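Heads up, the thing below is written out as structure tokens.
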Amino acid sequence: MIAEKMKPFLKNNSAIRMMFEEGKRLKSIYGAENVFDFSLGNPSVPAPDCVRQAIIDLVNEEDPTVIHGYMSNAGFEDVRQTIAESLNRRFGTSFAGKNLIMTVGAASGLNVILKTIVNPGEEVIVFAPYFLEYGSYVRNYDGVLVEVSPNTETFQPNLEEFREKITGKTRAVIVNTPHNPTGVVYSEDTIKALAAILEEKQKEFDTVIYLISDEPYRELAYDGVEVPYLTKYYANTVVGYSYSKSLSLPGERIGYLVIPDEADGSEDMITAATIANRISGAVNAPSLIQKVIGRCVDAKTDVDAYDRNRKALYEGLIDLGFSCIRPQGAFYLFLKSPVADEKEFCSAGKKYNILMVPGSSFACPGYVRLAYCVSYETIINSLPQFEKLAQEYGLQKKQS
Ligand code: PLP
């Protein structure tokens, strides 16, 4: 007999995961090279060589009782200090190691910070489209998820509606830039306007509203676009970072939270978040990979490989008559479905062995997400299949 809170999950198990399983099934029938699986954000670029070398060196040279042992629940002090210094160099911030808590990826980091700040019944605002797991994370702490509807022109946050949705119960706002699923990067003007609204509303309601910056895709930005560092625009910002995408380490489960000194109640928050890390069951982030991060702090994945995929897929699809906002970050493309029911469009795609995730999985029906963290060959070979799909919907090829 399972708990009431778990029952809805049985019915609505993640559509993305289900699609992944479908991909495996199709590959076993048609062969991997004939299936165009754009469903999962699993990096196709291997981790940089520095990671492999650091693992070998650490295992060969360091004391096993340290590299495989327990440490402070916030993580190894030397690693946190190294990351803080790297952030300070890159973004002109002034963090110390104590401002960082190593977490089990971004997912666990978000759970830790929500556990730290959300009381039952308090509201957490998100901007559609959004990573649907946010809803589950907020409900883990009996918070209430409040959605702001999408601005489908730009996919920048809809700030007028945001202002209206803030109440005396608003405890936090989650933003994600570069963005899953649209690939949009929030501009500095957007961030400034959002911060100004938060300042105004904190005064109006005499409350503290935290801005949670969920940024697993920070390093994946193209066309020279800047990704603003949010703690510089709004004092009550908490950053949740992950190495899942930036170093292609999603299975290693490693990331961190930054709780700056400027954030309201920072000292208690750091202590509470460290305890939350422990009592959520994570105890601490995995030890060996923390030490690896300490040695590879400025390493980067091959962003150019994703950029090449981005251009080939975006341009290929636009030429075929599809419409889509040009992504400038992450490794996703958010295609407008040629029919209102995007699930029907996803089903049609399967006939051509193309797997896409319906926008309703991100609270934005009418669109589909393509994760282009696949091989370049997959992108190129998928285009003739997309052409057949486009013809099925009567789309007009662009004249070249
Ligand atoms: N936040 C967003 C927006 C994501 O897209 C993901 C993963 O895809 C996560 C959080 C979770 O990342 P992690 O693997 O670091 O837990």
Side-chain angles (χ1 to χ4, degrees), residues 14-20 37-45 47 51 75 83 100-115 124-138 140 145 147 150 155 157 172-186 211-221 227 230 238-258 276-277 280-282 284-286 289-290 292-293 301 306 327-334 357 359 361-364 369-374:
S14 164
I16 301 178
R17 285 272 156 195
M18 267 155 48
M19 198 63 90
F20 184 59
D37 184 354
F38 294 103
S39 63
L40 201 66
N42 203 9
S44 52
V45 172
V51 169
I83 299 171
L100 273 80
I101 296 166
M102 302 305 294
T103 61
V104 182
S108 185
L110 288 168
N111 273 275
V112 165
I113 194 60
L114 292 169
K115 187 172 177 63
V124 178
I125 301 184
V126 293
F127 297 95
Y130 63 91
F131 182 55
L132 221 56
E133 299 286 63
Y134 292 156
S136 308
Y137 302 163
V138 168
N140 279 344
L145 191 82
E147 271 180 32
F155 286 108
V173 179
I174 304 177
V175 291
N176 164 229
T177 169
H179 188 249
N180 175 11
T182 62
V184 160
V185 175
Y186 290 0
L211 176 62
I212 302 173
S213 175
D214 176 30
E215 42 187 74
Y217 304 99
R218 163 163 292 281
E219 321 306 339
L220 304 183
V227 183
L230 300 200
V238 174
V239 175
Y241 186 84
S242 164
Y243 293 95
S244 292
K245 324 284 170 164
S246 65
L247 288 184
S248 297
L249 296 173
E252 298 295 345
R253 314 303 307 134
I254 186 73
Y256 59 79
L257 286 171
V258 184
N277 212 19
S280 66
N284 57 251
I289 207 75
Q290 279 192 52
V292 170
I293 297 300
T301 189
Y306 293 130
Q328 287 198 300
F331 41 45
Y332 306 109
L333 198 143
F334 209 46
V357 181
S361 295
F362 303 92
C364 190
R369 188 192 78 171
L370 301 179
Y372 57 80
C373 46
V374 295

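Since the structure is predicted, the reported quantities are computational estimates derived from the model, not experimental observations. Order of appearance sets the numbers: ligands from 1, and atoms from 1 within every ligand.
- Below 4.0 Å from some heavy atom of Ser244 lie the following atoms of ligand 1, by number and element: 13 (P), 14 (O), 15 (O).
- In this structure, Phe362 and Asn180 have side chains that are in contact, with non-hydrogen atoms separated by less than 4.5 Å.
- Cys373 places a side-chain heavy atom less than 4.5 Å from the side chain of Tyr306.
- Annotation for ligand 1: atoms under 4.0 Å from non-hydrogen atoms of Tyr134 are 3 (C).
- Residue contacts with ligand 1 include Lys245, since one or more of its heavy atoms lies under 4.0 Å from the ligand.
- Side chain of Glu219 to backbone of Thr301: no donor-acceptor contact under 3.5 angstrom is found.
- Backbone and side-chain nitrogen or oxygen atoms of Val104 are examined, and none is located within less than 3.5 angstrom of a nitrogen or oxygen of ligand 1.
- Looking at Ile293 and Leu247, their side chains come closer than 4.5 Å, going by heavy atoms from C-beta outward.
- Between Tyr241 and Tyr243, the ring-plane angle classifies as perpendicular under the 30° and 60° cut-offs.
- The nearest protein atom to atom 15 (O) of ligand 1, hydrogens excluded, is given as Ser242 OG, 2.6 Å; this is a heavy-atom distance.
- Checking side-chain atoms of Arg369 against main-chain N and O of Tyr332 turns up no donor-acceptor pair under 3.5 Å.
- Inclusion of Ala106 in the set of residues having an N or O under 3.5 Å from an N or O of ligand 1 is warranted.
- A 4.5 Å side-chain heavy-atom check between Tyr130 and Leu145 finds at least one atom pair inside the cut-off.
- Note on ligand 1: Arg253 sits in its first shell, one or more heavy atoms being nearer than 4.0 Å.
- Shown in contact with Asn176 at under 4.0 Å from a heavy atom are these atoms of ligand 1, numbered in order with element: 3 (C).
- Atom 5 (O) of ligand 1 has its nearest heavy-atom neighbour, among Phe131, Tyr137, Tyr130, Tyr217, in Tyr217.
- Using a non-hydrogen distance threshold of 4.0 Å, Pro250 does not register as a contact of ligand 1.
- Ranking protein heavy atoms by distance to atom 2 (C) of ligand 1, first place goes to Asp214 OD2, 3.4 Å.
- Side-chain contact between Val104 and Asn111 is absent, with no heavy-atom pair separated by less than 4.5 Å.
- Residue contacts with ligand 1: Tyr243 is excluded, as none of its non-hydrogen atoms falls under 4.0 Å.
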